[in-house]
Amino acid sequence: MPELPEVETTRRGIEPHVLGKTIVAFELYQPRLRWPIPRTLPGALAGLRIESVGRRAKYLLIALERGSLIVHLGMSGSLRVLSAGEPRRAHDQYDLRLDSGRIVRFNDPRRFGSLHYVEGDPLEHRLLRDLAPEPFDAAFTADYLWQLTRGRRLAVKQLLMNSRLVVGVGNIYANEALFRARVRPGREARRLTRAEAARLVKAVRTVLAQAIRVGGTTLRDYVGADGSPGYFRQKLFVYERAGQPCRVCATPIRHRVQQGRSSYYCPACQR
DNA sequence: ATGGGCACCTGGCTGC
DNA sequence: TGCAGCCAGGTGCCCA
């Protein structure tokens, strides 16, 4: 999916257009997303004012005057702010129509995205309550990561992508952070040194922050709330660069499949 | 507890 | 040109 930078870019993009606005209508075109959307939802949302737009991991949290929407973009989803009357396109799944005359439209070709409405604290929802710290949280430290790697035989890249360890890091940014930390994706977690754990924590933060600054990474489907792509693709060191020269040492970048996901690394820079 | 594999779904590309 | 096969920003769930 959209990983943390894309979700955060979306959050920042929609926030100024929806804050304080009231949902006039919720139009559901496709109830079959990752989890079925209840047919009763449209009625429940009409008339509610939007009070804040937050984010936890890769979930957007849209707080209403009563309850909250929990939005996930899945692998191919995007949320855009459009003018009312904008013609629908393939894979538009739902619209939030606002009293400002604008609409927030969710498009998702693969339908791995999801939408929940909860009355209570969204952070207590079963999908959110067991999530690990945010990468920018003070709790995500070298010691924390290093402790969690002790005795673990799985590859360090799997660890980085496990949302019970740290959230927001998907396949692109796991590969990119490992390059910056000079650690190969296939390294057993228990073989990580304390110094490497420290580099990795720093690299995760740096790469996510840089990506947020340029609006995320667009490979295929992702666009920000105004429809523009993210520009971090131009800054990728390894992702989807198999066979191309390493931007640091010119050694060809290698590709291998790990746990069914593509990993990329520089065999010279990363150990 | 840990880790692996599968499932959900569509579109785009490759190669025969 | 057509079509089979493979791949893609995620992640919950089931099983060993």
Side-chain angles (χ1 to χ4, degrees), chain A residues 1-11 29-37 55-60 70-79 89-93 106-116 125-132 135 147-178 185-190 204 207-208 210-212 214-224 229-242 255-264:
Chain A
M1 131 188 187
E3 303 182 34
L4 188 149
E6 293 73 38
V7 178
E8 179 60 23
T9 298
T10 299
R11 190 196 71 72
Y29 308 120
Q30 172 56 273
R32 294 177 58 232
L33 298 185
R34 170 102 205 246
W35 287 283
I37 298 177
R55 179 189 59 73
R56 173 74 172 106
K58 298 174 191 168
Y59 292 93
L60 285 168
I70 303 175
V71 176
H72 199 288
L73 304 182
M75 287 273 266
S76 56
S78 57
L79 215 48
R89 295 182 305 176
H91 313 301
D92 285 341
Q93 317 292 15
F106 181 67
N107 182 282
D108 184 10
R110 293 178 71 180
R111 291 202 264 130
F112 286 173
S114 67
L115 176 69
H116 291 86
H125 189 273
R126 61 178 182 88
L127 295 173
L128 302 182
R129 72 185 167 213
D130 296 323
L131 291 174
Q147 287 302 328
L148 286 167
T149 60
R150 297 305 86 192
R152 306 283 294 267
R153 309 182 88 100
L154 88 169
V156 66
K157 176 159 169 269
Q158 265 48 256
L159 204 81
L160 275 187
M161 291 173 65
N162 181 344
S163 59
R164 283 165 180 265
L165 243 128
V166 64
V167 299
V169 183
N171 203 33
I172 296 178
Y173 300 111
N175 278 294
E176 293 297 315
L178 284 161
R187 175 96 69 86
E188 276 190 353
R190 60 182 182 156
V204 165
V207 76
L208 294 178
Q210 285 179 348
I212 290 170
V214 297
T217 302
T218 295
L219 297 177
R220 279 161 280 274
D221 307 289
Y222 173 77
V223 289
Y231 294 102
F232 197 69
R233 187 174 195 176
Q234 301 161 11
K235 313 222 183 220
L236 297 174
F237 279 90
V238 290
Y239 192 81
E240 284 195 339
R241 294 197 64 245
H255 171 260
R256 62 168 264 211
V257 176
Q258 244 183 299
Q259 232 76 56
R261 311 293 301 272
S262 276
S263 289
Y264 302 87

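Computed from heavy atoms alone, side chains included, the values below leave out hydrogens, waters and symmetry copies.
- Nucleotide dC6(C) holds its P atom 18 Å from the CZ atom of Arg261(A), rounded to whole Å.
- One N or O donor and one acceptor, one from the side chain of Arg110(A) and one from the base of dC9(B), sit under 3.5 Å apart.
- Protein atom CG of Leu148(A) is 13 Å distant from nucleotide atom C1' of dT2(B), rounded to whole Å.
- Because its NZ or CZ atom is both nearer than 6.0 Å to the ring centre of Trp35(A) and within 45° of the ring axis, Arg126(A) counts as a cation-pi partner of that residue.
- Taking atom CG of Leu219(A) as the reference point, atom C1' of dG11(B) lies 15 Å away to the nearest angstrom.
- In this structure, Arg34(A) and Ala90(A) both approach DNA chain B, and ranking their closest nucleotides by distance from the 5' end singles out Arg34(A).
- Within the 4.0 Å cut-off from OP1 or OP2 of dC9(B), not a single side-chain nitrogen or oxygen of His91(A) is found.
- Rounded to whole angstrom, the span from the CZ atom of Phe106(A) across to the P atom of dC9(B) amounts to 15 Å.
- Using a 5.5 Å limit on the distance between ring centres and a 30° limit on the angle between planes, the aromatic ring of Phe112(A) counts as stacked on the six-membered base ring of dC8(B).
- Rounded to whole angstrom, the span from the CG atom of Asn107(A) across to the P atom of dC9(B) amounts to 17 Å.
- No contact: Arg164(A) has no heavy atom under 4.0 Å from any strand.
- Within 4.0 Å of Gln158(A), counting heavy atoms only, lies no atom of the nucleic acid at all.
- Between Ser262(A) and His255(A) the shortest side-chain heavy-atom distance falls below 4.5 Å.
- Taking atom CG of residue Leu73(A) and atom C1' of nucleotide dC9(B), one finds them 16 Å apart after rounding to whole Å.
- Picking from dG4(B), dC9(B), dC13(C) the nucleotide with the shortest atom distance to the side chain of Arg111(A) gives dC9(B).
- Rounded to whole Å, the distance from CG on Asn162(A) to P on dT2(B) is 10 Å.
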Lys157(A) and Leu178(A): side-chain contact (heavy atoms from CB on, under 4.5 Å), yes or no, with the steps? CA-CA 8 Å; Lys157(A) 176 159 169 269; Leu178(A) 284 161; 3.7 Å; yes

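- For the side chain to side chain contact (heavy atoms under 4.5 Å, CB included) with Phe232(A), the qualifying choice from Ile212(A), Val207(A), Thr9(A) is Val207(A), the only one to do so.
- For Arg150(A), the CZ atom counts as densely surrounded, since its 6.0 Å shell holds more than 12 non-hydrogen atoms of other residues, nucleotides or ligands.
- Using Watson-Crick or G-U wobble geometry with both donor-acceptor distances under 3.5 Å, dC9(B) finds no partner in any strand shown.
- Within 4.0 Å (heavy atoms only), Asp221(A) reaches at least one base atom of the nucleic acid.
- When heavy atoms are screened at a 4.0 angstrom cut-off, Arg220(A) is found touching base atoms of the nucleic acid.
- The separation of dC6(C) from dC6(B), taken at their P atoms, amounts to 14 Å, rounded to a whole angstrom.
- Regarding contacts with the backbone of dC9(B), a side-chain N or O of Arg32(A) is found under 4.0 angstrom from either OP1 or OP2.
- Distance CE (Met75(A)) to C1' (dG11(B)): 12 Å, rounded to an integer number of Å.
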